[in-house]
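Report on the following structure.
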Amino acid sequence: MKRILKRTIALLLLSILIVTLVGCKKEVEKTNNQGGNGAKGRYIEEDGSFPMDLGNGFNIYAFERLEDDSLRIISSNKDTPIEVYASNDGGNTWEKVSIDASVIPEGKRIDNAAIDKKGNMFISYGAPLDPNDLSLALLSGKILYEKIDVDGNVTPLEIILPGSEESEDGWYNTLIALKIANNGDIFGIDDSGSVYQIDPTTGKNKNIYSSNQYIYDYVLLDNKLVVAMDDGVEQYDITTGNQLENLEILSEYLLSDSSEVSLMTAGSKENELYFSNQKGLFRYILGGTLVEQMVDGSLNSMSAADAYMLQLVEKPDGSFFILYQNFQGEFHLMTYSYDENISAVPDNEITVYSLEDSSTVRQAIALFHKANPDVHVIFEVGISGDDAITMSDALKKLNIEIMAGKGPDIFILNDIRVDSYIDKGLLEDMSSILGEYEEQGALFEKITSAYKVDGKIYAAPIRFMMPMINAKQEVLNQISNIETLTDYIVKLKNQGLDKGLILDFYKTSEILLSKLYPVELGNCFEVDGSVDGGKLTNFFNKSKEIYQACMQFETQDELEKHIEADLYRFKHLESINDRAAFNAYQLPIGEVQLNIGNISSLYDIAHLADVTRKDDSFSYQRLYKDKALFIPSITIGMSSSAGDKETSKRFINYLFGEEAQSIDLYEGLPVNRVAFEMGEEEKDLTHYQGILSEADRIIWPKAEELHYFKQMVEQLDTPTFENILVIEALLEVWDPCLTGNITVDEAVESLMKKINIYLAEQQ
Amino acid sequence: MGTQELSKNLAPVLSNESGYVHWSLLPSSPTLKSYVELLLDSPEFFVMFWNSVKLTFWILIGQFVVGVPAAWGFARLQIPYKKVLFSLYVVLMLMPFQVTMLSNYLTLDQLNLIDTHYSITLPAIFSTFPVFIMHRFFCSIPESIMEAARLDGANKFQIFVLLGIPLGASGIAATLILGFLEYWNLIEQPLIFIKNKTLWPLSLYLPNISMDKAGLAFSASVIALIPPLLVFLAGQDYLEAGIASTGLKE
Amino acid sequence: MKKIKTMERYTDLLFILPSLVGVSIFVLIPFADVIRRSFLNVTGKSFVGIKNYTAVFSNRAFLLAGENTLKFVGICIPLLIILSLLIAVLLNQGILGGHFLKSAFLIPMAIPVATIVLFWRLLFHQQGILNGILQRLSIEGDNWMETDAAFVILVGSYLWKNLGYNIVLWLAGLSGIPDVLYQAAEMDGANRWKRFIYITLPILKPTLYTITTLAFLNSFKVFREAYLVAGAYPHESIYLLQHLFNNWFRDLALDKMSAAAVTMVIIILISILFLQKLWGAEHEN
């Protein structure tokens, strides 16, 4: 009897579980207005840059379409605190709208702005942090607000928020992302992430819509407020302040796609809204069951890693404007208009496969699409990180697809065994593609031909990093290998430091590994591929000495600060090379005695040059000066069974070209000499660096500084040892060994056993 | 157990902190937050759970339809080369998946089944394991019963349907429960054969357990544990009776 | 008369036909393809004779993995059979008892791999629960999965998971032995031990075939846990054939993998035939 009871209960629970889970599931309809093969018509991206000169160092604060279908923007530049432009022809020509510059009082700077459907404006402004430099974006003190109506009448409005009047740390609460509702109410988000509804006449808060989540964007549709947040989209009635029913279809659509909303804008129809993100541009009608994809983001700038969306505007003719800002703070305006004559999906399709995601590759694909609307480059990433797929699983899957003739056209070969792929004839010789550049002397040839076999190039780096050391010149003179490095660090430790650290890590031994492995690991292997146990033991012994010397002196509060920085690096920078990121500025302020890390961007060079320019007792050199090592941070290869060889070659050719090589996202330096030299053009790094005062301002390296660096790059000819399996096995014993849980001999023994099994498999 | 508490307790293993994992049997701050988060805020979890249910359901149905007659055939009927065939079944049953993974893929690809649920269900339905297990049950039915039926004029199909299935019911149920436990946990096959993540079963959901997701991973593994446990409890008696009859010899 | 017999055989064939067709398509053909590949080069384009086989037999990784696998199977299966028989006998004689105990032995079967793996990690990690307990007892811990203990842990996990199933199988066998036999033996003055050796064991012999085959099958499944916990290169004592297959696959060494797989299947086949001879009498009816 008891058993029957137990069984019944279990069955009952099971059915309840299934019913609830199934009941919770909702079908979300997804459509894509781009048809299948042969169908015509899709949105095409075009450069829509503003035809007028917006001035030196301009910034754009608001971009709206008014009810008469004219367009309007509010901008500023170094010389003028506020400018307004209007266009009556959908953005082809713009006229300056006269506005009294004194609407922004002398010495103040505009912070945020909004325009309503009639052309009335609402702006906020404050005092710049550095009163002598109006171009710096940071403001200090209280922020003020004012309305400017169409006739130019200015009415100040006092808005009081929690923390907007007084501040101990110089940070005042303000409203950002200002918008004006059709009834004239003013909306904005404060620092705590609540949306405020402000009465335009009194400045009082009518309603506050709070959430504990990060708000991506919000939009006002007649009497409705729609807020897109971290975990969904909510709507409110702004006449009552009450929350309306959740927009579940939209929320689930976004969540199931794990995409965010970058921007939202109201459509011209009732309850219609558009939103955009990296995946594209979408249309949704409140309460509808359908989320319609208008533009596929993977075919244009939307998916670019280096494009932050600022404004989305629907043009009167049904096309769209998106205003982007890039890494360097530059604005780009793009238009998306429907072209009914172009095929709905690009005619040529190629696939690029990479085990790990790469923003450089994404960016290059986005730029390539812009110039080649007939091609769709699909970027397939093997390990996305949000599921249980391991590297080994991803590789197995890739191998199966290759063997079944369904492999990708182009490989990013990092962590893939190049020699094995070459042996099996999977890679195509790229020397004809590279030859073109080589004739012009455009490439750092020693690097791009590092994997040359019998005159054939089956794999070539498109980006590389460089292990670098930066310290006082007299220190650099003493260091040339791990012995001298260890000796110097131990000597420093015995002398004792007044402040800071020897190297820039506190406790996380893996950071030390990421700094040392590029120069040391290759050393531990014989030419025939076998491990040299003696050298490996030496590597562990010396590293342990360095680690323990670096651990010795620490004050309590510094210790905590460093642990936090360590943990951040450990958790957020998954790739071992990213963990060795270079930070030149720690040296002059005495945070570290030695800077060791990988140079991965022209900005790293700018910082190094800056440090040595300001204090010439500092210098920098290759970590081991007699070894010309580079880290091939992105290596590319073409499949010998690529379906569309012509297009694949076109794309690879593009990757080595100036445009793609000029992308600089800290994933390595360009292998294209021209792209490297283009860095000689002066750039203003202020905006990008967020530097606070004139004295600390960084300038772009001078031509001779860049030249000095280039000389070093020209010598690089040996790729570092990059076998991920060995590195993974090394990581397993590294921390236990350095922290003393196991002895060096145990660590080396265990590691050698694994490497030897691995090597035995290859026999 | 809240994410905070869980992360703190598991920290030594999941990150590089010192100390040891503590395991308090009862969480000191019980919270259902992770469960709520998982069930309400992760739509992919539903999709995958539903996929698991669908896959397992069709596999079990298929195994019943195909496997039961085959097992009956091997146990009670006269089939040419029966012994050789059956030994072949046993050997095929013992072959690890990795070995035939590529060839399986190629076959499925020929049949245009890659990236569909059929690429999981069809090979599973024709697994030889249920035939091997059920064969034992049918062998244990005394010949005398069948002889009696035959004398009463029943044909083979009647004997199979009216005698074989009812007499082997507990064995069949046991096999299906074993099948459920096996297919609820499928990992390699869907990983290799299905590219479209919306078709993935729950067994692939469990994310790599990292510090910030410890709570979620833990609840996901608990929820994944519930259905097999409930199926097990509901079917334990069949299972025991079923397994038992394999051992019974006439 | 003979004709009727043949007819009958054909209708009998109908019962297994669907299964046979499916098995051929989804299991047999792929396996035949593996055999074919074992004589070809990696790309499957040229015939290389037995080169792959000679390469495999001189491959140290294969020899190590083969040895470990044999060792694992050789230790696990007898251990599992003896241990489960022992517990079954104790349960049968009422020395151990209860429905609850049986459930406790059976439940591990139902626990998903992912959950097992999570607990494994927590238990045996350098800073895991086990070392925590040992530290309290002032015993120095170790990173268990990286020592020879890994093999013991693997064997333990296998026993834990499969014990219940086997106990039930034995119990069934035991309950099928008529009491009369024991009573007769007791009259003849046989003690408990003798009765076990001369009566119980011979009668249980056919059960042994099923148990061994299933134990064999399940011993291959342990790889999943080992792989998920310790990765592609675990401690060398638990580096099994499947690790090797897996790694060869990852490195696209399909030629060697196929040859090694065929070798393994031949060994399995011989073992199965041997078992059938030894304990089988499988198809007497």
Side-chain angles (χ1 to χ4, degrees), chain B residues 10 12-13 19-23 66-67 69-70 72-74 77-80 82-83 87 90-96 98-104 106-107 122-123 125-126 128 131 136 139 143 156 181 184-185 187 203 206 209 221 224-225 228-229 232 236 240 243-249, chain C residues 8-9 11-13 15-16 18-19 22-23 25-31 33-34 102-103 106-107 109-115 118 121-122 125 127-129 131-132 135 165 168-173 176 206-207 210 213 216-217 220 224 242 245-246 249 254 261 265 268-269 272-273 283 285:
Chain B
L10 307 188
V13 171
Y20 294 93
V21 171
H22 306 288
W23 198 260
V66 176
W72 179 258
F74 278 119
L77 302 174
Q78 271 130 37
I79 286 156
K82 186 161 90 169
K83 217 169 168 174
S87 298
V90 175
V91 172
L92 292 177
M93 175 177 90
L94 289 170
M95 216 165 31
Q98 291 100 322
V99 171
T100 51
M101 190 161 62
L102 171 66
S103 308
N104 266 321
L106 296 174
T107 316
L122 286 178
I125 285 169
F126 296 106
T128 53
V131 179
R136 300 285 314 175
C139 280
E143 183 65 28
K156 284 184 201 156
L181 298 177
W184 188 258
N185 286 320
I187 292 180
S203 39
L206 293 177
I209 304 154
S221 68
L225 173 70
L229 215 55
F232 175 80
Q236 193 188 347
E240 277 175 38
I243 296 171
S245 60
T246 42
L248 277 176
K249 270 303 236 175
Chain C
E8 207 165 83
R9 282 182 147 215
T11 51
D12 283 358
L13 204 55
F15 278 85
I16 67 157
S19 168
V23 168
I25 295 174
F26 294 106
V27 194
L28 207 54
I29 292 180
F31 180 63
D33 186 53
V34 173
K102 248 192 285 179
S103 300
L106 278 170
I107 272 185
M109 274 170 53
I111 298 178
V113 178
T115 317
L118 180 71
R121 279 200 195 140
L122 295 178
H125 188 271
Q127 291 158 349
I129 295 171
N131 282 352
Q135 197 210 25
Y165 190 75
V168 176
L169 281 173
W170 282 125
L171 278 175
T207 315
T210 314
T213 313
F216 213 15
L217 176 71
F220 289 133
R224 237 200 248 171
Q242 281 145 301
F245 290 159
N246 188 62
F249 207 108
L254 294 169
V265 168
I268 293 177
L269 184 67
I272 291 290
L273 292 177
H283 305 283
N285 39 355

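Below, chain A is the first sequence line, B the second, and so on; all start at residue 1.
- The shortest non-hydrogen separation linking C:Arg224 to B:Asn185 is NH1-O, 3.2 Å.
- Put simply, CG on C:Asp33 and OG1 on B:Thr100 are 10.0 Å apart, with the number rounded to the nearest 0.5 Å.
- Listed by chain and number, the residues in a ring-ring contact (aromatic ring centres under 6.0 Å, His included) with C:Phe245 amount to none (sequence neighbours excluded).
- In this structure, the portion of C:Ile268 lying under 4.5 Å from any heavy atom of chain B is its side chain and not its backbone.
- The side-chain heavy atoms of C:Phe249 and B:Met101, taken from C-beta on, include a pair separated by under 4.5 Å.
- Summarising the geometry, atom CD1 belonging to C:Ile272 is positioned 7.0 Å from atom CE belonging to B:Met93; distances are rounded to the nearest 0.5 Å.
- Ranked by heavy-atom pairs shorter than 4.5 Å toward chain B, the options C:Leu273, C:Val265, C:Ile107, C:Ile25 are led by C:Ile107.
- Heavy-atom distances place both the backbone and the side chain of C:Ile111 under 4.5 Å from chain B.
- Looking at B:Met95, only its side chain comes within 4.5 Å of chain C, counting heavy atoms on both sides.
- Of all the listed residues (B:Val99, B:Val131, B:Leu122, B:Val66), the one sharing the greatest number of non-hydrogen pairs under 4.5 Å with chain C is B:Val99.
- Within the 4.5 angstrom heavy-atom criterion, only side-chain atoms of B:Val90, from C-beta onward, approach chain C.
- Legend: residues meeting ring-ring contact (aromatic ring centres under 6.0 Å, His included) with C:Phe216, ordered by chain and number and at least two apart, are C:Phe220.
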### Task
Run the numbers on B:Ile79 and C:Phe15 for side-chain contact (heavy atoms from CB on, under 4.5 Å), then give the verdict.
CA-CA 9 Å; B:Ile79 286 156; C:Phe15 278 85; 5.5 Å; no
